[in-house]
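See structure below.
Every number for a ligand or one of its atoms is a count from 1 in the order of the listing. Nothing fancy with the numbering, it's 1 onward along the sequence.
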Amino acid sequence: MSQTAELDRAFGVSGVLAFEDGVDGLTIAHLHGAGGRASVCLQGAHVFDWQVSGVEMPVLWLSPQAQFKPGKSIRGGTPVCWPWFGPHASNPNFPAHGFARTSAWRVVGGGADEDDQAWLTLALETGTASSVMWPYSSELELTVRAGATLSMSLVTRNTGDGAFTLGEALHTYFRISDIESVSVHGLDSCDYWDTVGGVERKTQHEEIRFNAETDRVYIDTSATCVIEDSGLRRRIRIDKTGSLSTVVWNPWTAKAERMGDLGQPAGWREFLCVESANAWDNRLIVRPGEVRALNVKYTVELM
Ligand code: TA6
């Protein structure tokens with residue numbers, strides 16, 4: 001029996017949760033909840049699609065050049081950055097944003113919850129293939145709940161006998177009409193590290209608008225953010241708990257050309273990353289036996 005058939009037999013729920021053989025041997029889970037549906041690649045526990053009934057455009061952005069290949073991060077959706085954010089602190093050979101997003105996660109549960117949301121929980125044990133990069137015993141789980149809203153909960157358990165420092169993010173790419181037609185609200189007066197052209201600490205004044213490469217780590221904030229999109233006439237509300245950093249990123253022209261996988265002629269104009277994280281000043285010390293959860297909930301409101 002194929003892995004997909006095994007998963008369908010063990011966890012499938014008709015009309016709610018089904019598994020599919022994706023391209024290049026990756027397995028995809030499809031969640032159908034009341035008011036919306038989502039798709040998750042088991043590699044990386046990577047939510048790459050979420051569509052809300054009655055809302056024309058998908059809420060998450062997926063590059064037309066996204067590749068679904070073993071060991072490669074999917075460009076778009078919500079990459080899980082764990083157990084570090086950005087480059088590794090000391091070894092430039094280790095993958096940026098950690099190894100969770102390119103690892104094989106396993107299904108531990110799924111179905112319909114009491115609110116008719118379709119849910120799926122995936123798990124990743126560390127300390128084996130990843131032990132060179134991460135010499136700690138830990139367990140990681142991601143639970144996705146999909147319907148008219150999308151929720152994700154990233155839970156880290158320290159199952160070893162030593163503390164570790166954790167950097168993490170749900171690095172979500174949101175679909176927008178155009179980068180110059182949106183603004184981000186909720187971070188007014190927050191301090192941030194501006195990482196474009198060096199690193200400088202600054203303070204946000206009023207909403208964020210975009211006219212150049214933007215790569216900012218807002219720190220010490222648990223604020224709800226709202227992406228206001230005048231082009232698509234919608235707001236995307238980003239509620240979070242267990243996260244003290246919010247990363248706001250758009251590559252603009254030059255970096256987009258260097259990256260080369262954001263879609264032509266200017267795919268970079270149609271997404272904005274607002275990432276709920278614990279990064280930089282807000283990295284966590286997780287002691288033996290401790291459990292930490294980073295939770296987000298996304299809601300779309302038509303304007
Ligand atoms: O979160 C922003 C960022 O750190 C940018 O600097 C850019 O590198 C982006 O993540 C994408 O990183 P990736 O490793 O997915 O290409």
Worksheet item: Between T172 and Y298, does any side-chain donor sit less than 3.5 Å from a side-chain acceptor?
Response: yes
Worksheet item: Going by distance only, is there an N or O of H171 that falls short of 3.5 Å from an N or O of ligand 1?
Response: yes
Worksheet entry | Centroid separation H97 to F99 less than 6.0 Å | no
Response to the item:
Near V247 (heavy-atom distance under 4.0 Å), the atoms of ligand 1 are 1 (O)
Worksheet item: S183 and H185: side-chain donor and acceptor closer than 3.5 Å?
Response: yes
Fill in: Those atoms of ligand 1 less than 4.0 Å from some heavy atom in E275
1 (O), 2 (C)
Worksheet entry | Close-contact set for ligand 1 against H97 heavy atoms, below 4.0 Å | 3 (C), 4 (O), 10 (O), 12 (O), 14 (O)
Worksheet item: Which residue owns the protein heavy atom closest to atom 8 (O) of ligand 1, what's the atom, and how far is it?
Response: K255 NZ, 3.5 Å
Worksheet item: K240 and T246: side-chain donor and acceptor closer than 3.5 Å?
Response: yes
Discussion item. One residue to check: R101. Relative to ligand 1, which of side chain, backbone, both or neither has a non-hydrogen atom less than 4.0 Å away?
Written reply: side chain
Worksheet item: At a 4.0 Å threshold, what atoms of ligand 1 neighbour a non-hydrogen atom of R75?
Response: 11 (C), 13 (P), 15 (O), 16 (O)
Fill in: Taking atom 6 (O) of ligand 1 as the reference point, the nearest protein heavy atom with its distance
D215 OD2, 2.6 Å
Worksheet item: Between N278 and S243, do the side chains contain an N or O donor and an N or O acceptor separated by less than 3.5 Å?
Response: no
Worksheet entry | Lys/Arg-Asp/Glu bridge criterion (N-O < 4.0 Å) met for E257, K255 | no
